[in-house]
Each structure stands twice: as structure tokens, then as C-alpha cells.
Amino acid sequence: MSRSNDELKGYRGLSRSKLTEWGIRVWSDVQVLNDAGSMFEGVVLPRSETLDDLHIVIKMRNGYNIGIHVDRVRSIKEVGYKEAVYKIPEKDFPRSPELPNVTLLGTGGTIASRLDYRTGAVIPAFTPGELYGAVPELADICNLQTKKLFGVFSENMASREYIILAKTIGDEIATGVDGIVIGHGTDTMGHTAAILNFMVQNSPVPIVVVGSQRSSDRPSSDAALNLIHAVRAAAFGNIAEVQICMFGPTSDRYGLLHRGTRCRKMHSSYRSAFRTIGDIPLCIVNRDSFTYLTEDYLPRDSQRQVVTDPLYDDRATILYYYPGMSPDLVDALVEKGYRGIVIAGTGLGHVNKPLYPALERAIKLGVHVVMTVQTLWGYAQMYVYDTGRDLLDIGVVPLDNMLPETALMKLCWVLGHTDEHDEVLRLMRHPVNHEITEREPHNGYLILQGGLPETEEFTKSHWK
Ligand code: ASP
């Protein structure tokens, strides 16, 4: 059987000639038998530009993709042909007067993505309207209005985007919405949730940042459920803060709402990647209930006047200390005009002695230097060792249990207001929303170290 170039589009070199030899096209529905006698059924996908030309990629009936080396194909047969259509139609969201009004602001990330089979990469491609097309249950929860602000992966979020986002949130709240959801990449979701806590204060309604670890074309995607939980939290939840909503456990049993100043992505691929650090989460959310885990939050109050304060000066950075760090790094930052340095120090907040003179020089030149801890849990307590005391004497200011990224976001926000040293430090040490807490709860820090008898016993009784 001969095939046109178009039909073979996406395959080159060896695999392409193999496809011709096998009488197979891209988008053929095939049955493949490999040299181990296993049978695979599915659709031949266009090969990504980055994949080698020795494999064919098949999307199997269960939704997973597999690559099969051409030399391992014993037989392959076309049983059908169906070109896939990946575009999900934009649907107008139905409105019912009795449901709350929620605005979904799209910024990009995996939650707004599908797989691009040309590059083999996940690209931001869904608009919020398409997201509704993919998750129609949202219409049972609220009247959803969608606005696509950006279409970026979250490493590209920065001052410009934070400012636009904060202003848009203010404008949306002014229209009287009952809640706001922000679709966002997970990688820097913690940064955005933190900065929004400073830029948007005193909100009358919930502001819920949500993402997904797996794109919606994967069977294990967390996109739909996270979105449903987030929209519920925005429509009916009682927490009027900037919060993060993501999978709680690795299963889809429930989502968690985390305080935006205390939350961090702690796993690169698990769906349960987000954890509240230094505290417990705010709330458990599922399809029909909210279980609040604390009473210490700002409750919804439609009379409250939001304060948007979208100022940001990005001349601040994090210095993640490592043994042997050279003082020229500090000098270089000062020379380049950085006004603030957040140190992520070892243990209780330490750096090596050779750094002291450089830090002292920086502080004398008016650079604001603050200390956080790499351990993430616990407090910078620089009075415990004499080395810590020396740093305090130089003028390095401890930020107690503020997370390093939250400290950076806050420092950029504070620097947007003032460069006056005492005022910068006063604002940094004065919590806006629990970025510094007086104590960390006894049940907050919990690491289930597998392999230990007590952990094995516990997980056995809880693992389903
Ligand atoms: N790289 C993506 C992002 O942060 C990951 C994700 O969305 O989960 O935009």
C-alpha cells in the first residue's frame, strides 16, 4: 500500500520508511505484536520532533502512550483510521440566577495545557472557555466567567504578570463576584499565591489559585478535580484569602486548601505535591463538603473593602547558602544594584565566616539582608550560637519561620513601597497573613519515613 507524504507527516527516516513498508499511516488504528508476544492496540501518533526515529508511538485505548522500537515489531496491522481532533470547543457557560458568580482567570500552566504531538511537549493551549468544555460539572456549581490573562508556564510569571493579576482581581471583586479562581502552573504557584497575599489584602471573597500536575489528556490528570474543588471553594468556601487548592493525598479522595503564604510545591511529579509548611492546611474540600481544619482565617464578608496594592521592585534575590560560598557573590549583587538579599541559611540561620565582611559591607551600603532557613520547618534563631549572634550584630535580620520564597516575594513588594532601612525591616517582620507565625503546631511537621516499622504499620492500615 502506498501512502501520501501528508499521511506520513510527522515521521521521518527509518520509522517513516517502516510505516510505508508496514502499510500504516499516522492516525492508523493498529494492532501491534512485539517480539515478546505482547499485543498492543491503539492509534499511531505523529512523532514528536525530539523523539528518535527508531520508535513508533501509540496512544493505547487506556489513554497512555507507548513507544515501540521498530526492530521489536513482529507484526502490525491497520484496523481503522481516525484523525484525532484535539481542540475542545469553547462553550458558553450556562447561567442560573440562583448560583454564585465566579471568575476564572487563566494564566497558563499544565492545567491549561494539552500535549502537542508535534513537539512532544505540553503547551498552554486551552482557554478557560475550553476548560469549561472539558469539565461541564462546573456549570452545576456556579456561573463561571472566564478571562485568559496569559498563556505561560509559571516560570515565566514575574513582576509584570503579578501586577496585572492583582489589578484584575481588584477589578473583578469590584464587579461583585462571589469568588475568584486563578488557573496557574504549579512550579511557581507558591510564589504567586504569596505575592498576591501582599498585593491583594482584605478581600471580601475567596481567591483560589489552582493548577494541575498532569495535563488533561492523561488518564491520571488532576486537572478536572482540582478545578472542581477550586471553583467550589471560590463559590461556597468561607475563606476569603488568597489560597492554593490542589490534590491532598496521592489518590483523588479530597483536595486541600493551603494558605498562600505558607505553601510550597514539595514534589516534582506527584499530584499531591503541595504542602502547607510550618502549619496545617486550612481546609479539606471535596465534591460535597468543606472540613475546616482551623478557625484562624479571614472569613467571607461581602461588605469588606478589598485593598489592592500592586507594587513590586525586583531588585531583590535569594542567596541559597552552601558550604564554601564565596563572598564575591554578595559583592556582585551589591555592585549590580540589588537592594535586598534573602539568605536561605543552614540550620537556625547561618552562613560561613568569610561571608560576614561582605554582608557587613552590603548592609553599610543600605542593602537589606534578611535570614530564612533552608530546613523550611522551624525558625531562624540566630541568638543560639555565637556565629548567629555575629550575623545579628552585622545587621542581618531574622525572619523567624517565613519561607524563603515568601520572604523574597514580600521583600520585592516592600521595596516597591520604600527603601528606607528601618521601614523595610519593620514591614518584613510584621506579618500580613501568617507568613510569620508565633509557633508551629505539634501535628504540622510529619514525615512518613518509609522502611521504619511504625510507618509501615501506619501506612498498611491507611493505604487502600
Ligand atoms: N511547568 C508547569 C508550570 O509550572 C508545570 C505545571 O503547570 O504543573 O507552568
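Excluded from the calculations below are hydrogen atoms, water molecules and symmetry mates; all remaining heavy atoms, backbone and side chain alike, are included. Indexing begins at 1, ligand by ligand and atom by atom, following the structure's order. Just so it is clear, the structure is predicted and the values come from calculations on it, not from any experiment.
The residue from Asp296, Thr406, Thr261 that alone fulfils the side-chain hydrogen bond (donor to acceptor under 3.5 Å, both in side chains) condition with His434 is Asp296.
Asp171 and Thr168 form no side-chain donor-acceptor contact under 3.5 Å, judged by distance and modelled atom types alone.
Atom CG of residue Leu99 and atom CD1 of residue Ile141 lie 9.5 Å apart, to the nearest 0.5 angstrom.
When atom types are taken as modelled, the side chain of Thr175 and the backbone of Glu172 share a donor-acceptor pair closer than 3.5 angstrom.
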Between ligand 1 and the protein, which N/O pairs fall short of 3.5 Å?
{"residue": "ligand 1", "atom": "1 (N)", "partner": "Asp187", "partner atom": "OD2", "Å": "2.9"}
{"residue": "ligand 1", "atom": "4 (O)", "partner": "Ser154", "partner atom": "OG", "Å": "2.6"}
{"residue": "ligand 1", "atom": "4 (O)", "partner": "Thr186", "partner atom": "N", "Å": "3.3"}
{"residue": "ligand 1", "atom": "4 (O)", "partner": "Asp187", "partner atom": "N", "Å": "3.0"}
{"residue": "ligand 1", "atom": "4 (O)", "partner": "Asp187", "partner atom": "OD2", "Å": "3.4"}
{"residue": "ligand 1", "atom": "7 (O)", "partner": "Thr110", "partner atom": "N", "Å": "2.8"}
{"residue": "ligand 1", "atom": "7 (O)", "partner": "Thr110", "partner atom": "OG1", "Å": "2.9"}
{"residue": "ligand 1", "atom": "7 (O)", "partner": "Thr186", "partner atom": "N", "Å": "3.1"}
{"residue": "ligand 1", "atom": "8 (O)", "partner": "Thr110", "partner atom": "OG1", "Å": "3.2"}
{"residue": "ligand 1", "atom": "8 (O)", "partner": "Thr186", "partner atom": "OG1", "Å": "2.5"}
{"residue": "ligand 1", "atom": "8 (O)", "partner": "Ser212", "partner atom": "O", "Å": "2.9"}
{"residue": "ligand 1", "atom": "9 (O)", "partner": "Ser154", "partner atom": "N", "Å": "2.7"}

- Item | CA sep, side-chain torsions, deciding dist, call: Asn226, Phe247, side chain to side chain contact (heavy atoms under 4.5 Å, CB included) | CA-CA 7 Å; Asn226 284 341; Phe247 254 51; 3.2 Å; yes
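Residue pairs meeting the ring pair (Phe, Tyr, Trp, His ring centres under 6.0 Å) criterion with at least one member in residues 258-281, sequence neighbours excluded, are His267-Tyr270.
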